[in-house]
Amino acid sequence: MCTVEKRGRVYLLTLTGDGEHRLNPTLLDAIHSALARIRSDSARTGGGSALVTTAEGKYFSNGFDLAWAKSSPADRPRIMTSALQHVVADLMTLPMPTIAAVTGHASAAGFALVLSHDYVVMRGDRGFLYMSELDIEIRIVGYVMAVFRSKIADPRVRRDVLLRAPKITAAEAARRGIIEQVVGGAAEAVETAVRMGEELAGKNWNGEVYASIRKAAFPELSRALELAEEGDEEAKKLASKL
């Protein structure tokens, strides 16, 4: 369901196949396992690294797998939202810069997955970002709303994304500050994201410090994800280096 390859200092995580990449526990567990392998490998090899997440086919991700969630047992929606919460927490604590290379439509929970990365590069020739919850009459869970409050700073843009449910093109998303960069097509989006990742990895930043600063930069999201606060011992270690 997903693959990981290394391009220089960049880990490229790809959601494979031509489907919609609906976020059910099977796919989310595969992403979680892939991120765990990346975390372990980067710790073993040392040096700067970066992550690029992308997808094959028409969709980056068309959101939660609602067909799976609506079938029995009754706790399937909770299981599914919990699985995505683990993946968002993985991305928030990953000790390296993260970039989403959006090569197709990203809707609802798929849009949230995109924004859970540090940077977003999107193809401009097709695809859109879309929060469909109003249109399909589904409430937004707390940590997903925290993603949008944290990553879309302008309250008017956030209002329009959530309360108008528009299908946002890459050009419009860049104009409104939702994403960093628009490029031509899918291959260019991946190539651009990998180049960005290589540049960031080349800074050779301490990954644990990077992750700590990321969490501190988005405190509401960190609280919503129930991420542990930095302890006194870590504070003492940092203070000793000043």
Side-chain angles (χ1 to χ4, degrees), residues 1-4 11-35 38 51-70 76-77 79-92 94 98-136 138 140-141 143-148 150-152 161-162 165-170 173 178-180 182-183 185-187 189-190 193 221 225:
M1 304 188 82
C2 64
T3 61
V4 175
Y11 295 92
L12 180 64
L13 192 164
T14 304
L15 309 185
T16 56
D18 293 327
E20 296 183 9
H21 307 300
R22 289 277 186 174
L23 298 175
N24 54 44
T26 302
L27 176 55
L28 289 165
D29 287 349
I31 297 171
H32 175 69
S33 295
L35 292 173
I38 290 169
L51 168 75
V52 170
T53 305
T54 190
E56 297 175 345
K58 179 180 177 181
Y59 292 88
F60 181 88
S61 170
N62 203 19
F64 281 134
D65 190 341
L66 300 180
W68 182 90
K70 289 176 181 177
R76 281 192 168 191
I79 294 170
M80 188 169 60
T81 57
S82 177
L84 177 60
Q85 182 173 347
H86 289 312
V87 169
V88 176
D90 288 339
L91 291 167
M92 280 291 290
L94 200 68
T98 62
I99 306 159
V102 183
T103 51
H105 305 311
S107 301
F111 191 174
L113 179 61
V114 166
L115 292 184
S116 298
H117 293 74
D118 299 329
Y119 303 96
V120 182
V121 176
M122 187 173 177
R123 68 186 295 181
D125 61 339
R126 64 175 297 173
F128 52 76
L129 305 173
Y130 172 41
M131 282 303 285
S132 60
E133 279 75 2
L134 272 179
D135 292 334
I136 61 177
I138 290 180
I140 300 175
V141 298
Y143 74 86
V144 171
M145 190 64 79
V147 170
F148 282 84
S150 298
K151 296 303 184 78
I152 302 180
V161 168
L162 298 171
K167 294 180 178 178
I168 307 165
T169 64
I178 300 170
I179 68 173
E180 275 64 48
V182 181
V183 296
V190 175
L221 180 53
L225 295 169

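Computed from heavy atoms alone, side chains included, the values below leave out hydrogens, waters and symmetry copies. Position 1 is the first residue of the sequence; numbering continues from there.
- Going from atom CD1 of I31 over to atom NE2 of H21 covers 9.5 Å, rounded to the nearest 0.5 Å.
- By the 4.5 Å heavy-atom criterion applied to side chains, V183 and V121 are counted as neighbours.
- With rounding to the nearest 0.5 angstrom, the CG atom of L13 is 5.0 Å from the CD1 atom of I38.
- With values rounded to the nearest 0.5 angstrom, L28 atom CG is found 10.0 Å from H86 atom NE2.
- Between K151 and L115, the shortest heavy-atom contact is NZ-O, 2.7 Å.
- Other residues, nucleotides and ligands contribute more than 12 heavy atoms inside 6.0 Å of the CZ atom of F128.
- Ring planes of F111 and F148: perpendicular class, angle over 60° (limits at 30 and 60°).
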Give the intermediate values and the outcome of side chain to side chain contact (heavy atoms under 4.5 Å, CB included) for residues W68 and R22. CA-CA 10 Å; W68 182 90; R22 289 277 186 174; over 6 Å; no

Decide yes or no on side chain to side chain contact (heavy atoms under 4.5 Å, CB included) for V161 and L129, but give the supporting numbers first. CA-CA 9 Å; V161 168; L129 305 173; over 6 Å; no

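- In this structure a side-chain-to-backbone donor-acceptor pair under 3.5 Å is missing from S116 to V88.
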List the steps, then state whether side chain to side chain contact (heavy atoms under 4.5 Å, CB included) holds for H117 with L91. CA-CA 7 Å; H117 293 74; L91 291 167; 3.8 Å; yes

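- The CE atom of M1 sits 5.5 Å away from the CG atom of N24 when rounded to the nearest 0.5 Å.
- Proximity of E56 to T14: side-chain heavy atoms (C-beta onward) are separated by under 4.5 Å at one or more points.
- For the pair V87/L113, a side-chain contact is recorded, criterion being any heavy-atom separation below 4.5 Å from C-beta on.
- No more than 12 heavy-atom neighbours from other residues, nucleotides or ligands sit within 6.0 angstrom of CG on D18.
- Annotation for D90 and H32: closest pair OD2-ND1, 2.5 Å, computed over non-hydrogen atoms.
- Between the side chain of Y11 and the main chain of A34, no donor-acceptor pair closer than 3.5 Å is present.
- Contact record, V102 with F60: CA-CD1, 4.0 Å, taken as the closest heavy-atom pair.
- Within the 4.5 Å cutoff, no side-chain heavy atoms of V114 are placed close to those of M122.
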May I have the step-by-step check of side chain to side chain contact (heavy atoms under 4.5 Å, CB included) for I136 and L66, ending in yes or no? CA-CA 11 Å; I136 61 177; L66 300 180; 3.8 Å; yes

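- Residues I99 and E180 are not in side-chain contact: their nearest non-hydrogen atoms beyond the backbone lie 4.5 Å or more apart.
- Considering only heavy atoms from C-beta on, K167 stays 4.5 Å or farther from H105 through its side chain.
- Contact detail for L221 and S150: the closest heavy-atom pair is CB-OG, 3.5 Å.
- A donor-acceptor pair is defined here as one N or O able to donate and one able to accept, closer than 3.5 Å; no such pair exists between the side chain of S132 and the backbone of A108.
- Closest approach of R123 and V182 over heavy atoms only: C-CG1, 4.4 Å.
- Looking at heavy atoms from C-beta onward, L15 lies out of side-chain contact with Y59 at the 4.5 angstrom threshold.
- Taking all atoms of both residues into account, the shortest heavy-atom contact from A30 to C2 is O-SG, 3.6 Å.
- The shortest distance between side-chain heavy atoms of Q85 and V141 does not fall below 4.5 Å.
- We find the CG-OH distance between D135 and Y130 to be 3.5 Å, quoted to the nearest 0.5 Å.
- Checked against salt bridge (Lys or Arg N to Asp or Glu O under 4.0 Å), D118 has the following partners two or more places apart in sequence or in another chain: R214.
- One finds the NZ atom of K58 at 8.0 Å from the CD atom of E20 (value rounded to the nearest 0.5 Å).
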